[in-house]
Amino acid sequence: MTATPDTVLSAHAREEIDRWLARYPDDQKQSAVLAALREVQHENGGYLTTPLMDAVAAYLEMPAIAVYEVASFYSMFELEPVGRHSVSVCTNVSCMLRGGDDILAHIENRLGIAVGQSTPDGRIYLKLEEECLAACCGAPMMQVDHVYYENLTPARVDEILDGLE
Ligand code: FES
């Protein structure tokens, strides 16, 4: 069977994309690309594949290369399999001055992985360091599955990581 958006994208993904498409003019379908990629990544366990991106491109009537450009530009999209929980430590200036680098080193030691890697059990993905997550007043901070944790200490980090299934 030839792969088409209808065979690659789930019914739920197509419904979700259609919901976003309804917000835009018919000739501006590409406006839904971020929402579409977010949805298919979520359904695919946290990362995008070429067939999924191609299906999104076909569904939105966009060139595939334009979808690849979006997916590779935004840090919220992953192009390889990653752990179930995404951990991003901010090491930009405010967080650095308040110990962000030490927090990151602590996490790497505790998990036995480097930035950009996932734990072998697939539980945690230590995402590339982020450039200021706009929570400087709570430095040092990190984001775990889109939730912000601020004023971190090694003990608090351990508590957060231990709570991830
Ligand atoms: S520098 Fe870390 S949140 Fe701004």
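Numbering of residues begins at 1 and proceeds along the displayed sequence. For ligands, and for the atoms within them, numbers begin at 1 and follow the listed sequence.
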> Take atom OH in Tyr148; do more than 12 heavy atoms of anything else shown fall under 6.0 Å from it?
Replying inline: yes
>> Side-chain heavy atoms nearer than 4.5 Å, only ILVMFWY residues, links allowed to pass through others: does that put Val82 and Leu79 together?
In response: no
> Taking only heavy atoms of Leu133, which atoms of ligand 1 are found under 4.0 Å from at least one of them?
Replying inline: 3 (S)
>> As an exercise, identify every atom of ligand 1 less than 4.0 angstrom from a heavy atom of Ala134.
In response: 3 (S)
> Is there a side-chain contact between His106 and Asp158 (heavy atoms, below 4.5 Å)?
Replying inline: yes
>> Can you report which non-hydrogen protein atom sits closest to atom 3 (S) of ligand 1, along with the distance?
In response: Ala135 N, 3.3 Å
>> Using every non-hydrogen atom in the two residues, find where Ala139 and Arg98 come nearest and quote the distance to one decimal.
In response: O-NE, 3.1 Å
> N/O/S of Cys132 less than 2.8 Å from atom 2 (Fe) of ligand 1?
Replying inline: no
> Any idea which part of Cys95 is under 4.0 Å from ligand 1, heavy-atom wise: side chain, backbone, both or neither?
Replying inline: both
>> Test salt bridge (Lys or Arg N to Asp or Glu O under 4.0 Å) on Arg38 and Glu16; report intermediate values, then the result.
In response: CA-CA 10 Å; Arg38 201 171 54 231; Glu16 183 66 14; 5.9 Å; no
> Is the shortest side-chain N to carboxylate O distance from Glu165 to Arg84 below 4.0 Å?
Replying inline: no
>> Out of all atoms in ligand 1, which are within 4.0 Å of some heavy atom of Cys90? Include the element for each.
In response: 1 (S), 2 (Fe), 3 (S)
> Would you say Ala139 touches ligand 1, if touching means a heavy atom closer than 4.0 Å?
Replying inline: no
> Which of the numbered atoms in ligand 1 are below 4.0 angstrom from a heavy atom of Ser94?
Replying inline: 1 (S)
>> Walk me through whether Gln41 and Glu39 qualify under side-chain hydrogen bond (donor to acceptor under 3.5 Å, both in side chains).
In response: CA-CA 5 Å; Gln41 174 171 277; Glu39 176 60 26; over 6 Å; no
> Would Cys136 count as a contact for atom 2 (Fe) of ligand 1, in the sense that one of its N, O or S atoms lies under 2.8 Å from it?
Replying inline: no
